[in-house]
2 protein chains.
Amino acid sequence: MSSEVKPPRADARRNREALLVAAADVFAEHGVGASLEEVARRAGVGVGTLYRHFEQRDALVEAVYRRELERVVDAVPELLDGRVGMAALRAWSERFLGYVAAKRGMGEALRAIMDCAPELRSTVLPRLEQAVEELVAHGIEDGSIRTDARADDVLRAMIGVFHLPQADGWEAQARRILDLLLDGLEPR
Amino acid sequence: MSSEVKPPRADARRNREALLVAAADVFAEHGVGASLEEVARRAGVGVGTLYRHFEQRDALVEAVYRRELERVVDAVPELLDGRVGMAALRAWSERFLGYVAAKRGMGEALRAIMDCAPELRSTVLPRLEQAVEELVAHGIEDGSIRTDARADDVLRAMIGVFHLPQADGWEAQARRILDLLLDGLEPR
DNA sequence: TGCAAAGCGGAGGCAACCTCCGTATCTTGT
DNA sequence: ACAAGATACGGAGGTTGCCTCCGCTTTGCA
């Protein structure tokens, strides 16, 4: 009846960790579409092991970027402190942008995570949704955000922008577009 | 000195056309990442022929969606007629959205076109940029759009939104996001 | 009608995907 | 400390898609 989940074997845990580290490297180097055999090789592990731990590519992608994204999510309360909702959302989006710009592959990763089948979908996307939801709700309450604003729209818009090809000047352009979007969220 | 380009042979033209038709089908069915051998097969043509006509995938993608996109571009003057810039831009984005929603694969295609190396880049992207530029310029002139608005930002934002995974409710959500964006373009 | 030139096709080499199962490594109970 | 079962590993191999290369066909021109 209680929690019937045995802890995984020691070698399994080790390999899983090695795979995550290797994948982070390889994704940073060749993007999220990189060869999984390369990942396995660099982790010093057989492909079979990779596929056992992460049944699909998306599962690996998600696991690799999960920690970073959690940090973005966790920043919400701090940013909300002493700020009006809109200002907090602006600060948050700026921080999010910084993460995406810093961690190569994260833009693609976000898109990939959104794409994958709902039943396999990670826990990360809901947490992001929840983060935006909180920010938007505050803004609506204190009157700094339009009452008809929808958190899911805002998050998707951000992801759309983050996933644009990161050519030269990407970060500045993304910032401008985000500003446009946020301006659109202010009450008329 | 004059135009040294001979017209292509008849069979070449035939095959090119067959490839475009087949590719349109296959892309609509399996997305822009579909198998090119499948495209060749369905066109009743060898792969070699496909690669001779379209050296890279992006070239084929672009050719397939070019006509549709040209229609979007060509709508600009008509939409500008008797409308203020902002209104024309709204109407244009709505029309663009309609095209993307109707033609499966077009969202992906836009992204793919943006991605490909500049020197190989199609003539379509510049034409789209020019279209938005015209709309935005009018809007700035007649005071319906912020003076600091940048056409390239607007286009990229749109493409970002169009490329989001087209799940249920995509069109409505894309419309809301675009509205947000356009609201952000109105003078403060 | 004949002959370059232009174009065709698909075999073949390569890379990545993913599965499967014989073998190795851990854990637990004694 | 050891044995036995459970758990996990590895990588060969079947499959598919990419792209190139070159002997053969078709076309257009004289």
Side-chain angles (χ1 to χ4, degrees), chain A residues 2-23 25-64 105 108-109 112 115-117 120, chain B residues 2-23 25-64 105 108-109 112 115-117 120:
Chain A
S2 62
S3 84
E4 298 289 350
V5 278
K6 282 190 190 170
R9 247 168 59 171
D11 51 351
R13 232 165 341 157
R14 232 179 312 137
N15 285 331
R16 181 170 225 281
E17 201 52 40
L19 280 167
L20 285 174
V21 171
D25 280 4
V26 175
F27 289 167
E29 222 165 287
H30 301 101
V32 166
S35 158
L36 295 185
E37 312 217 292
E38 168 73 15
V39 171
R41 205 175 311 128
R42 213 177 290 194
V45 139
V47 258
T49 300
L50 190 158
Y51 283 100
R52 200 169 324 99
H53 282 283
F54 304 98
E55 288 206 8
Q56 18 232 303
R57 184 183 218 89
D58 291 336
L60 178 56
V61 170
E62 195 245 78
V64 166
E108 283 175 301
D115 241 345
C116 89
L120 306 163
Chain B
S2 62
S3 83
E4 298 289 350
V5 278
K6 284 188 189 171
R9 249 168 56 173
D11 50 350
R13 234 172 342 180
R14 232 179 313 141
N15 286 331
R16 181 169 226 281
E17 201 51 40
L19 280 166
L20 285 173
V21 171
D25 280 5
V26 174
F27 289 166
E29 222 165 286
H30 301 98
V32 166
S35 159
L36 295 185
E37 312 220 291
E38 168 73 16
V39 171
R41 206 175 309 130
R42 214 179 288 195
V45 138
V47 258
T49 300
L50 189 157
Y51 283 100
R52 199 165 328 98
H53 282 282
F54 304 97
E55 288 206 8
Q56 19 232 304
R57 184 183 217 89
D58 291 335
L60 178 57
V61 169
E62 195 245 77
V64 166
E108 282 176 302
D115 241 343
C116 90
L120 306 162

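Letters A, B, ... mirror the listed sequences (proteins, then strands); counts begin at 1. Computed from a prediction, not measured in an experiment: that's the story for all the values here.
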In whole Å, I'd like the distance from the CZ atom of B:Phe54 to the C1' atom of D:dC19. 16 Å
Minimum-distance pair of heavy atoms, taken over all atoms of B:Leu60 and B:Phe27: CD2-CZ, 4.0 Å
Test side chain to side chain contact (heavy atoms under 4.5 Å, CB included) on B:Val39 and B:Leu50 and set out the steps. CA-CA 8 Å; B:Val39 171; B:Leu50 189 157; 3.9 Å; yes
Check the distance between C:dC17's P and A:Leu50's CG and give it to me in whole angstrom. 9 Å
Residues at least two apart in sequence or cross-chain that pass side chain to side chain contact (heavy atoms under 4.5 Å, CB included) with B:Arg41, listed by chain then number, are B:Glu37, B:Glu38
Could you walk me through whether A:Leu19 and A:Val45 pass side chain to side chain contact (heavy atoms under 4.5 Å, CB included), step by step? CA-CA 8 Å; A:Leu19 280 167; A:Val45 139; 4.2 Å; yes
Near A:Glu55 CD, under 6.0 Å, is it more than 12 heavy atoms from other residues, nucleotides or ligands? no
Letter per nucleotide, 5' to 3', of nucleotides 21-30 of chain C [B base touched, S only sugar-phosphate touched, - untouched; heavy atoms, 4.0 Å]: ----BSS---
Hey, which sits more toward the 5' end of DNA chain C by its nearest nucleotide, A:Gly33 or B:Asn15? B:Asn15
Which of the following nucleotides, C:dC17, D:dG10, D:dC9, is nearest to the side chain of A:Val45? D:dG10
Could you check B:Leu36 against A:Arg16 and say which one's nearest nucleotide on DNA chain D is further toward the 5' end? A:Arg16
Hey, which of A:Val61, A:Thr49, A:Leu20, A:Val64 is the one that makes side-chain contact (heavy atoms from CB on, under 4.5 Å) with A:Phe54? A:Leu20
Partner residues of B:Asp25 under the side chain to side chain contact (heavy atoms under 4.5 Å, CB included) criterion, sequence neighbours left out: B:Arg42
Checking D:dC9, C:dG7, D:dG17 against the side chain of B:Ala12 (C-beta onward), the nearest is C:dG7
Rounded distance (Å) that lies between atom P of C:dA15 and atom CD of A:Glu38: 12 Å
For C:dG9, does either OP1 or OP2 sit under 4.0 Å from a side-chain N or O belonging to B:Thr49? yes
In whole angstrom, give the distance that lies between atom CD of A:Glu55 and atom C1' of C:dC18. 11 Å
How close or far is atom P of C:dG9 from atom CD of B:Glu37, stated in whole angstroms? 14 Å
Check the distance between D:dC9's P and A:Glu17's CD and give it to me in whole angstrom. 14 Å
Phosphate-side-chain proximity, B:Ser35 and D:dT16, N/O vs OP1/OP2 below 4.0 Å: no
Rounding to an integer number of Å, can you tell me how far A:His53 NE2 sits from C:dC18 P? 17 Å
Once you round it to whole Å, what is the distance between P of D:dA8 and CG of A:Leu19? 14 Å
